[in-house]
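When a residue number appears, it is its place in the shown sequence, counting from 1. Model, not experiment: these values are computed from the prediction.
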Amino acid sequence: MRLRSTAGASPLITERAPPPPATGDEAAGSAILPLLEHGDTRVDPLLTAAFDPGDPYVAKVRKVRAKLLATARESGGIDGRLKLALLSLQGGDEAPILTANLATVMAQMDGPTMLVDADIERPSLDRLLRLPNQIGLAEQLAGMALRLPLMPTAIERLWLMSAGQAASGNATLVERGAFAEVADRWNLPAANLLVYLAERPRGTTAFGNILEKFDAVVLVARRGVTPLSEIRRAIDDLDRHRVPIAGSVMS
């Protein structure tokens, strides 16, 4: 899997904020990062960031993190309580893999991180983090969860809210209002929130309405597959709701 910056590739998909210089903790390398042993079966091997911070792919994931954090801080976000999102526009399998690795890097470098799989129709993050998907976001939004369905992962300081079950129209619950306001009612501790959201099969997902009041979002598209019209629509929708776009990734 390759991640490529879209800077200069198209006026529709350009960097919205330049990445900041490497911070001290980034430069320090693996010495300060809580890592898993290679072969640890508690997470999928595709979570490269959990095992090998020196991998070239992980370096690219850290650049995505840097862009998100820089944009969030410019928009007034508070460290430790940022609401960030990765939005997949026909991103295929690469988008959830990127999200899981991004969440891992954030947990390693930025402290407690809550990862939410908001792609209820096509759950994926539970498989990558090898956790059950019995009760999750769908049940939480439907008022069916007896307690907040956050699960600790094998990765230190990373929690997952899986997508839950898509039965009885639960998948449409994500589009009923601003997700930031919903998450505020969960009374989460001081932690960054990272939400994975994907275009629904029928298209025309109300991204701006869902991600209003988020601190930053990154778009993921597939080169030669995602129509430019779909990218344009998503960007225009986010701009109308004043959602800061940190940039985009072509997979």
Side-chain angles (χ1 to χ4, degrees), residues 43-44 81-93 95-100 102-103 106-107 112-155 157-220 233-234 237-238 240-241 243:
V43 300
D44 192 286
R81 293 183 181 273
L82 297 176
K83 293 183 177 68
L84 310 172
L86 192 145
L87 171 56
S88 172
L89 304 174
Q90 299 183 9
D93 294 336
I97 294 170
L98 169 59
T99 304
L102 176 60
M106 288 179 58
T113 300
M114 309 294 179
L115 175 61
V116 178
D117 190 345
D119 188 8
I120 294 176
E121 290 183 297
R122 296 165 297 190
S124 55
L125 298 182
D126 57 293
R127 294 192 297 274
L128 290 168
L129 289 159
R130 294 189 173 170
L131 290 171
N133 183 32
Q134 298 170 343
I135 298 176
L137 177 63
E139 289 73 23
Q140 177 67 22
L141 295 177
M144 298 169 57
L146 297 179
R147 59 182 181 180
L148 194 65
L150 276 175
M151 298 175 286
T153 73
I155 297 161
R157 301 183 297 192
L158 177 62
W159 286 261
L160 171 69
M161 183 181 292
S162 64
Q165 305 301 311
S168 303
N170 282 346
T172 64
L173 294 174
V174 176
E175 299 183 61
R176 292 189 178 179
F179 199 93
E181 295 179 354
V182 173
D184 283 342
R185 294 196 291 269
W186 295 345
N187 295 318
L188 294 173
N192 291 310
L193 181 70
L194 177 62
V195 174
Y196 173 65
L197 183 64
E199 175 69 277
R200 297 183 65 194
R202 60 172 173 76
T204 67
T205 304
F207 297 123
N209 185 52
I210 298 169
L211 297 177
E212 189 172 1
K213 299 183 180 179
F214 264 61
D215 298 301
V217 59
V218 163
L219 282 67
V220 180
R233 181 187 67 81
D237 191 15
L238 293 168
R240 280 195 300 272
H241 289 80
V243 180

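In this structure, CG in Leu158 is found 10.0 Å from CG in Leu150, a value given to the nearest 0.5 Å.
Side-chain contact check for Leu125 versus Leu115: some heavy-atom pair is nearer than 4.5 Å. Inter-residue side-chain proximity for Phe179 and Val195 is flagged as met; some heavy-atom pair is nearer than 4.5 Å. Within the 4.5 Å cutoff, side-chain heavy atoms of Glu181 are placed close to those of Lys213. Counting heavy atoms from C-beta on, the side chains of Leu194 and Val116 never come closer than 4.5 Å. In this structure the side chain of Leu219 reaches within 4.5 angstrom of the side chain of Leu238, judged on heavy atoms.
Screening residues 126-140 for side-chain hydrogen bond (donor to acceptor under 3.5 Å, both in side chains) gives Asn133-Ser162 as the qualifying pairs, with residues at least two apart or on separate chains.
Side chain of Asp119 to main chain of Ser124: no donor-acceptor pair is present (N/O by atom type, distance under 3.5 Å, no hydrogens or angles). A distance-only check finds a donor-acceptor pair linking the side chain of Thr153 to the backbone of Ile155 [under 3.5 Å]. Remark: side-chain polar atoms of Asp117 are not paired, donor with acceptor, to backbone N or O of Pro123 under 3.5 angstrom.
Contact detail for Ala145 and Ile135: the closest heavy-atom pair is CB-CG2, 4.2 Å. In plain terms, the two heavy atoms of Arg81 and Asp215 that are nearest each other are O-OD2, 4.2 Å. When all heavy atoms of Ser88 and Tyr196 are compared, the pair lying nearest together is CB-OH, 3.6 Å. Nearest heavy-atom pair across Val43 and Ala154 is CG1-CB, 3.9 Å. For the residue pair Leu84 and Met106, the shortest heavy atom distance occurs at CD1-CE, 3.6 Å. Of all heavy-atom pairs spanning Gly136 and Met161, the tightest one is C-CG, 4.2 Å.
Note on Asp93 versus Arg122: no salt bridge recorded, every NZ/NE/NH1/NH2 to OD/OE distance being 4.0 Å or above.
The side-chain contact (heavy atoms from CB on, under 4.5 Å) test with Phe207 singles out one residue from Arg233, Glu175, His241, and that residue is Arg233. With Val220 as reference, Leu86 is the one residue of Leu87, Leu89, Thr99, Leu86 to meet the side-chain contact (heavy atoms from CB on, under 4.5 Å) rule.
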